[in-house]
Amino acid sequence: MVLFFSSTVTNPPTVIYMGRDKVENEELIKYAWPQDLWFHVDKLSSAHVYLRMPESMTWDAIPEALLIDCSQLVKANSIEGNKKDNITIIYTPADNLKKTGDMAVGQVSFHNDKRVKRVHIAKRENPIVNRLNKTKVEKQVDHEQEKVDRIKKESAVRRAAAAEKKKTDLDLARQREAEKAARSYDSLFSGTPDDDEDGADEPKKTGRDLEDDFM
């Protein structure tokens, strides 16, 4: 089972979720979305809490209030960390989590330590924890099907974007061809020198002069 929470410090509210136990945590490590953020109490046992970031958000620019919500939820779900003040919460993108076969259930490391950030939590903030707990919903999640649905949706978005780009590029190419053709047409009638203009400055001949020329 997966526990879902809603953080109302953002508009629209942001989804936060975590596994009910270490077995579910193992599933979440495997199936978390690449754009999700993973939170954990540093150097202590705790729940694995994930933030599902909206598309407009980047992991290195999380709103401070949302960051505190996630951190307080992690602290509240750590047996040892919940009792302590001045603890550190670590967080990183889910695709930075590294899991090898020799690790214990729920244990992870990181592909790149430089992509791990830390936030200091001085103490438990009950108003924050209580607000989040009021939104808690427990759901049975088919992780494999959810992954398939996500990939299909992302592929559809990419195809639509590619089709739109192709259409835009084609329209631009047609516009350029039309402008090129217009310039070529205009050059025929743009007043370039021709035979009639060669004698523009010569004096006009009389009828007699023309007859003499003809003779």
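Owing to the predicted nature of the structure, the values given are computational and were not obtained by experimental measurement.
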Q) Do NZ/NE/NH1/NH2 and the carboxylate oxygens of E80 and K84 come within less than 4.0 Å? A) yes
Scanning both residues in full, the closest heavy-atom pair of M53 with T58 reads SD-C, 3.8 Å
Heavy atoms of S71 and V119 approach each other most closely as OG-CG1, 3.2 Å
**Request:** Dump the intermediate steps for side chain to side chain contact (heavy atoms under 4.5 Å, CB included) on K139 and M1, then the final yes or no.
**Result:** CA-CA 6 Å; K139 296 180 182 179; M1 301 295 284; 5.6 Å; no
Using a 3.5 Å distance criterion without hydrogens, assess whether the side chain of S46 forms a donor-acceptor pair with backbone atoms of V41. yes
To the nearest 0.5 Å, atom CD1 of I62 lies from atom CE of M57 at 5.5 Å
Less than 4.0 Å between a side-chain N and a carboxylate O, is that true for K99 and E26?
-> yes
To the nearest 0.5 Å, atom CD of E24 lies from atom CD1 of I29 at 10.5 Å
Taken to the nearest 0.5 Å, the spacing of H40 NE2 from C70 SG works out to 14.5 Å
**Item:** Single-linkage hydrophobic cluster L44~V49, side-chain heavy atoms < 4.5 angstrom
**Value:** yes
*asked:* Quick check on the hydrophobic clustering: are F5 and V15 connected, directly or via other members, by side-chain heavy-atom contacts under 4.5 Å?
replied: no
Within the 4.5 Å heavy-atom criterion, are I90 and K117 side-chain neighbours or not? no
Looking only at heavy atoms, the pair that brings A32 and A94 closest together is CB-CB, 3.8 Å
One should read off an interatomic distance between D169 CG and E164 CD, to the nearest 0.5 angstrom, of 10.0 Å
Closest non-hydrogen contact found for S7 with L132 is CA-CD2, 4.1 Å
Within 45° of the axis and under 6.0 Å from the centre of the six-membered ring of F4, does NZ or CZ of K136 qualify? no
For R131 and N133, does a side-chain donor sit closer than 3.5 Å to a side-chain acceptor?
no
Here the pair of heavy atoms bringing T14 nearest to P54 is CG2-CD, 4.2 Å
**Prompt:** Side chains of S78 and N82: donor-acceptor distance under 3.5 Å anywhere?
**Reply:** no
In this structure, OH of Y50 is separated from CD1 of I16 (nearest 0.5 Å) by 14.0 Å
Value for CG (L172) from NZ (K165), rounded to nearest 0.5 Å, stands at 10.0 Å
Partner of Y17 under side-chain contact (heavy atoms from CB on, under 4.5 Å), picked from L3, V141, L73, D36, is D36
query: Do the side chain of K98 and the main chain of S109 share a donor and acceptor less than 3.5 angstrom apart?
result: no
Are F110 and W38 an aromatic pair by the rule of ring centers under 6.0 Å? yes
Please lay out, stage by stage, how H48 and M18 fare under the test side chain to side chain contact (heavy atoms under 4.5 Å, CB included).
-> CA-CA 6 Å; H48 292 217; M18 67 182 190; 5.9 Å; no
When every non-hydrogen atom of L28 is compared with those of V2, the smallest separation belongs to CD2-CG2, 4.2 Å
Is V74 reachable from I121 through a run of I, L, V, M, F, W or Y residues, each pair having side-chain heavy atoms under 4.5 Å apart? yes
The single option from L67, N96, L66, L51 that satisfies side-chain contact (heavy atoms from CB on, under 4.5 Å) with L37 is L51
- Presence of salt bridge, K123 and D85, under 4.0 angstrom: no
Inset, instruction - Would you indicate whether E179, at its atom CD, is surrounded by more than 12 heavy atoms from other residues, nucleotides or ligands within a distance under 6.0 Å? - result: yes
Side-chain heavy atoms of I87 within contact of K75, under 4.5 Å: yes
query: Charged N to carboxylate O under 4.0 angstrom, R115 versus D60?
result: no
